[in-house]
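What follows is a short report on a single structure.
Residues take their numbers from the sequence shown, with the count starting at 1. For ligands, and for the atoms within them, numbers begin at 1 and follow the listed sequence.
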Amino acid sequence: MTTTNSSATRHIVTLQAHALAHQAQHPDASGTFSWILSAVAGSAKRIAAAVRRARLEDVLGSAGETNVQGETQQKLDVIANEILLQTLSEREGVAVIASEENEEPVLLRVEDDGQSRYCVLFDPLDGSSNLDICGSVGTIFSILSKDAATPAADAILQPGKRQVAAGYVLYGSSTVMVLTIGSGVDMFVLDPSIGAFVRVAQGLRIPPTNKCYSLNEANRRTFPEGYQKYLDWAQSNGYSSRYVGAMVGDVHRVLLQGGVFMYPPTAKAPKGKLRLMYEANPMAMLVEQAGGKALAAPGQRILDVQPEAVHQRCSVILGSSAEVDAVVAQLAG
Ligand code: P6P
């Protein structure tokens with residue numbers, strides 16, 4: 001049989017095939033989870049298209065509102081949020097949705113019909129203040145299961161270790177999805193020529209070390225003393241600094257190249273700025289699944305934090321195990 005080495009005939013595994021192969025490993029699976037994952041992927045394609053045309057269609061800039069976080073909503077924050085709410089609401093398997101842009105969770109299916117369903121939480125467009133300067137922005141998502149007996153409203157506040165899946169989509173030089181379904185981390189790139197996310201890496205492992213830290217040093221004076229000690233130590237030991245101001249971009253670099261990302265407590269955000277449920281938890285699951293560490297504080301795994309409110313914040317130290325340990329060593333004094 002004649003074969004070509006044309007890119008058109010190269011073997012590819014799409015996200016859909018990847019999800020269905022995972023489903024096939026669970027004979028009792030109903031396909032509900034795969035269908036939800038396809039909703040996230042479909043939303044990401046639409047958001048990517050909107051982000052890439054933003055300047056052309058004049059949908060940059062502020063929407064003129066502030067969200068529940070007290071942050072100025074960008075027009076694309078609203079667009080991305082609406083795309084995700086619309087797409088996920090159509091999935092029978094979604095019981096409740098929580099979004100950074102919605103003050104209250106959206107209860108979709110609360111009837112006690114004996115069906116177990118899922119909760120989907122997301123930051124629809126993380127780092128959206130980068131949009132106007134064509135910087136890194138992304139979507140972060142977390143998926144929890146909800147058994148039939150648990151009321152939908154109560155099913156959201158589960159610790160991150162109960163996530164069944166987590167991931168992000170980075171709308172950068174290419175549109176990249178990084179995903180874990182609880183057995184390792186896989187990476188997909190959107191191939192616009194076929195409209196599919198194609199798997200480009202399986203079983204990502206975060207490099208054990210990299211002399212690079214990532215945090216907003218403008219807040220240095222109001223960091224707890226241990227973080228200031230860490231910065232002095234790192235700068236005396238040849239560390240470099242990288243910070244793009246969007247968690248998705250900074251975590252993606254740490255996941256691929258190693259290092260440590262932090263958002264410590266500050267005077268303005270004494271509990272940390274990042275949201276536990278749809279920023280810290282999904283990123284922590286990815287980092288741990290890739291062999292790294294993710295702490296809210298020394299000795300406090302992010303994934304063990306018992307949430308009390310859907311928009312609660314936490315401080316974050318995550319990345320290569322040795323690099324997280326180096327931060328903790330300075331915090332311990
Ligand atoms: P700062 C974006 O607004 C965000 O929520 C994260 O994506 C990012 O890591 C952080 O806030 C940046 O915060 O205070 O450094 O601008």
Tyr230 side chain reached by Ile317 side chain, heavy atoms, under 4.5 Å: no
Is atom CD of Glu103 surrounded by more than 12 heavy atoms (other residues, nucleotides or ligands) closer than 6.0 Å? no
Is the side chain of Arg253 donor-acceptor paired with the backbone N or O of Arg242 at a distance under 3.5 Å, no angle test? yes
Can you name the closest pair of heavy atoms from Ala98 and Ile156 and give their distance? CB-CD1, 3.8 Å
Let me know which protein residues bring a heavy atom to under 4.0 Å of ligand 1; chain then number is fine for ordering. Asp126, Gly127, Asn216, Tyr243, Gly245, Ala246, Met247, Phe261, Tyr263, Lys273, Leu274, Arg275, Glu279
Mark yes when over 12 heavy atoms from residues, nucleotides or ligands other than Glu90 sit less than 6.0 Å from its CD; otherwise mark no. yes
Show me the donor-acceptor pairs, under 3.5 Å and distance only, between side chains in residues 193-201 and residues at least two apart or in other chains.
from: Ser193; atom 1: OG; to: Asp191; atom 2: OD1; distance (Å): 2.5
from: Ser193; atom 1: OG; to: Asp191; atom 2: OD2; distance (Å): 3.3
from: Arg199; atom 1: NH1; to: His18; atom 2: ND1; distance (Å): 3.0
from: Arg199; atom 1: NH2; to: Gln202; atom 2: OE1; distance (Å): 3.3

